[in-house]
Each structure stands twice: as structure tokens, then as C-alpha cells.
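These numbers come from a predicted model, not from an experiment.
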Amino acid sequence: DPRAEHADQALADAVVLRLGLGQEQEAIKDAADFAKAHGAAKPGQSAAIAYAIGAHYAEKDEWEKARAALTSAMRLVDKAPLDLQLQAHATLGRALAKLNQRAQAQREYAKVGALWTDATAGEQKIRAAYPSEDVAQKDRRLGKAVSAVGEAFFFAAEERRLAEVEPLAFPEYKGPGDKASVKAHIETKVKDWYTKKMAAIRKVEPEYAKILDLKPAPPPRWVIAAGSRAGLMWGDFVDDFRRSPYPKAWKGTELEQVYVTGLDEASEPYKVAHAKPALRKCLELSAQYQFFDAFSRSCEVWLAKNYKQEYHVVDELRGAPTLANSGLDERAPPVRITGASVL
């Protein structure tokens, strides 16, 4: 009986329970029943249920199902509290990006940014939307909201990197095998390349830095991701010098020495002044936030490869190469849609 006492909460709990049990079709039916019976009176809760189904598919990497569920839920979500709007649009953006629908993903992530133009006002809206919750519950909601914004900023920075930095490929040497020609190649084509690539990296780097400025506090996951990507732009820049191909016939000859030495001399300032400090900062942030994942691992690996005496990759301290420790992602007891524990 939808009019029975606590019927709405029981039905909401059923959606969460069925999703946890893998009974997806039953959960979808329960969500539809909730929207029909209680949606008008409880639009926020109805939107939370609709988002939960889409997020469930995203967590399982079932991106087409996530896209379909979230797209159909947006009519409800866009009337929901701000934290749900931010998470839903970010999750839909992620699903679209995974499906290689990047233009559509860009639009969804842009909506996230547009919803968070005033961090102070955004925080007030989220806290005011849940008057019955305690401070800890509101803090958690706020943390998830800011994490969604961090994800949107990271995606925007990645789009810039892919469009402006990655296409600038190192100029392979194809000239005659004499010393003067090799030096001329390094001093002309290689110099032109690194001048352009350095300028492109410097233009894109501030896009990642925006995540560090997010209020009320930057989200650890995306701080580490941003630090890793920004650092590895410089690291890859240096590596491009070192792995550039040259004729096999040069192996062991003076020409090889001239070519490799010239590239080392050209790349060393960027290795020392940019790549190393940026990737060291990535590790420092990872330790500060106690958050370790594939992004922090990539910083660790580059430093260990290039500065063997200073840095080492130590797997036994982690137990696994990707250990994430975030208060937003911990597996808590089963919860109601409202956030209260059912145990």
C-alpha cells in the first residue's frame, strides 16, 4: 500500500537492496513505482533513486546502461538538490567519455562547471537542502559534490592536453649520416619542436592547477590526477628526447654519441626544473591526502626510473599498486537513500 506509514522509505530501501543483490530489473521497477507514487511529493528522493541506478551501472563499468539510465533520469535530477545534480551530470559525462562520445561528454561536464560558479553559494545550497541531516552527513554530500566538480575540471584539462600538447610529435631524424647534419637537425627542427611543445604545456598546465583551488577543499582523487598529468606532460616531454629514433647504423659510432649527447643537453633543463619538481609534488600530495592510485603510481614510476638513487617503487608497502583511501569512497554499511545507516 503506497499510502501506508513509511511506505516511501521502504520502497527506497528496496531499490538500494535490489541493486546490491544484482536484481537490476526489479530495482528499476521499484524506482518507477516510487516516482509514480511519491515522486510529486518527494522529488528530491525520487531523483536520488534515479541517480542511484545510473551510478550503479557506472560503478560496474556498464557504460551504455549508465548512459541510458542517467539520460532518462535528468528530468528529475535537474530539479534535485545541487549535490545530486553535480554528481549525475559528472557521471553521465564519464559514461559518454567511456563510450567515445566526447563532444556530448564535454557538454555534460560543462554543466557541472556552470552549476559551481560560486563555491560559497553552492555549499550553502547543499547544506540547506538537507535540514534533518547532521554535519557529518552534509560534509560527505559536499565532498562528493566538489569531487564531481574536480572530475569536470580534470576532463576539461585533458581535452586541452589531447588537443594542444599530444599532437606535437618529436621530429625524427632522416637526413644524411654526417656530424654537421645531425647537429643542424638538433639546432633547427628539434629546437623548433621543443619550443612549441614547451609553450603548449605551459598553456595547459594551469587548467590542471584549477583543481587545487576548488573550495571549500580540493578533492584528493582529482588533485592527485591533476598533479600526475601535469607532471607527466613534462616527464613525457623529456622522455621524447631520450627515446627519439635514429639510424641503426649509428650504433656505437661517434654520430650516436653526438646525437644522444645533444638531445640530453637540450632536455636536461626541463627534466631538472620542471618534470622532477612536478612529479615530486604529485607524490607529496599523495602522501598528504593518503590517497594512492594509478595516477600517483605513475609519478612514482617516472621518478624511480629517472632518479634511481632517490626514488624507489616499493610494492610491499602498499600490498597492491593501486590503493585508494578516500573517505568518500569507503565501503560503509548499507544505507538508505537519505544517507542513514540501515544497520
Practice item. Test side chain to side chain contact (heavy atoms under 4.5 Å, CB included) on Val204 and Met233 and set out the steps. Key: CA-CA 9 Å; Val204 172; Met233 281 197 298; 4.1 Å; yes
Review point. Do you see a donor-acceptor pair shorter than 3.5 Å between the side chains of Asp239 and Trp302?
Key: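 Trp302 and Asp239 do have a side-chain donor-acceptor pair below 3.5 Å.
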Exercise for review: Any chance you could lay out the salt bridge (charged side-chain N to carboxylate O under 4.0 Å, His left out) test for Lys196 and Asp192, step after step, and finish with the verdict?
Suggested key: CA-CA 6 Å; Lys196 290 179 179 177; Asp192 181 61; 3.4 Å; yes
Review point. Any cation-pi pair here, Lys271 with Tyr307, using under 6.0 Å and within 45°?
Key: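 Yes; both conditions hold, so Lys271 lies above the ring face of Tyr307.
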For [X] against [Y], the heavy-atom pair lying closest together:
X      : Y      : result
Val238 : Ser267 : CG2-O, 4.1 Å
Val223 : Leu212 : CG1-CD2, 3.6 Å
Ala66  : Ala58  : CB-N, 3.7 Å
Ala105 : Ala97  : CB-N, 3.7 Å
Pro219 : Leu214 : CD-CD1, 3.8 Å
Gly122 : Leu82  : CA-CD2, 3.7 Å

Do [X] and [Y] have side chains that get closer than 4.5 Å, going by heavy atoms?
X      : Y      : answer
Asp213 : Pro218 : no
Lys215 : Thr120 : no
Tyr130 : Asp83  : yes
Lys138 : Ile126 : no
Val272 : Lys276 : no
Arg202 : His274 : yes
Glu133 : Arg127 : no
Tyr57  : Leu70  : no

Look at the side chain of [X] and the backbone N and O of [Y], then say whether any donor-acceptor pair between them is shorter than 3.5 Å.
X      : Y      : value
Ser147 : Gly143 : no
Asp139 : Leu142 : no
Thr71  : Ala68  : no
Ser286 : Phe291 : yes
Ser228 : Ile224 : no
Glu59  : His56  : no
Lys308 : Lys305 : yes
Glu300 : Leu283 : no

With [X], which residues qualify under side-chain hydrogen bond (donor to acceptor under 3.5 Å, both in side chains), at least two apart?
X      : value
Glu158 : Arg161, Tyr208, Arg229
Trp234 : Glu205
Glu108 : His89, Lys111

Roughly how far apart are [X] [atom1] and [Y] [atom2], rounded to 0.5 Å?
X      : Y      : atom1 : atom2 : value
Leu84  : Lys144 : CG    : NZ    : 9.5 Å
Cys282 : Phe295 : SG    : CZ    : 9.5 Å
Ser298 : Asp236 : OG    : CG    : 9.5 Å
Leu11  : Gln9   : CG    : CD    : 9.5 Å
Arg18  : Glu26  : CZ    : CD    : 5.5 Å
Arg107 : Gln104 : CZ    : CD    : 5.5 Å

Review point. So, Phe237 versus Phe170, ring centres under 6.0 angstrom or not?
Key: no
Review point. Could you go step by step and tell me if Tyr109 and Glu159 meet the side-chain hydrogen bond (donor to acceptor under 3.5 Å, both in side chains) rule?
Key: CA-CA 11 Å; Tyr109 281 123; Glu159 290 292 279; over 6 Å; no
Exercise for review: Answer yes when Glu164 and Arg160 have at least one side-chain N-carboxylate O distance shorter than 4.0 Å, and no when they do not.
Suggested key: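 Salt bridge flag = yes for Arg160 with Glu164.
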Review point. Are Leu162 and Ile211 linked, directly or through other ILVMFWY residues, by side chains that come within less than 4.5 angstrom of each other?
Key: no
Practice item. Following the transitive rule for hydrophobic clusters with a side-chain heavy-atom cut-off under 4.5 Å over Ile, Leu, Val, Met, Phe, Trp and Tyr, establish whether Val146 and Phe155 coincide in one cluster. Key: no
Exercise for review: Please indicate whether Lys60 has more than 12 foreign heavy atoms, meaning atoms of other residues, nucleotides or ligands, lying under 6.0 Å from its NZ.
Suggested key: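 Enclosed: over 12 neighbouring heavy atoms sit under 6.0 Å from NZ of Lys60.
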Check your understanding: So with a 6.0 Å cut-off around CD of Glu310, is the heavy-atom count from everything else above 12?
Key ->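 For Glu310, atom CD is crowded (more than 12 foreign heavy atoms under 6.0 Å).
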Exercise for review: Please step through side chain to side chain contact (heavy atoms under 4.5 Å, CB included) for the pair Glu207 and Phe154, ending with a clear verdict.
Suggested key: CA-CA 8 Å; Glu207 296 299 311; Phe154 183 78; over 6 Å; no
Point to revise | Other ILVMFWY residues reachable from Leu21 by side-chain steps of under 4.5 Å | key: Leu17
Check your understanding: Using links of under 4.5 Å between side-chain heavy atoms of ILVMFWY residues, direct or through other members, which residues join Trp63 in one cluster?
Key ->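 Members other than Trp63 - counting any ILVMFWY side chain reachable under 4.5 Å - are Leu99.
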Practice item. Determine, stepwise, if the pair Asp264 / Glu268 fulfils side chain to side chain contact (heavy atoms under 4.5 Å, CB included). Key: CA-CA 6 Å; Asp264 283 350; Glu268 189 66 17; 5.8 Å; no
Check your understanding: By salt bridge (Lys or Arg N to Asp or Glu O under 4.0 Å), which residues pair with Asp240, not counting sequence neighbours?
Key ->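 Listed in chain order: Lys197, Arg243.
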Practice item. Show the numbers, then the answer: is there a side chain to side chain contact (heavy atoms under 4.5 Å, CB included) between Thr91 and Tyr51? Key: CA-CA 9 Å; Thr91 306; Tyr51 166 65; 3.4 Å; yes
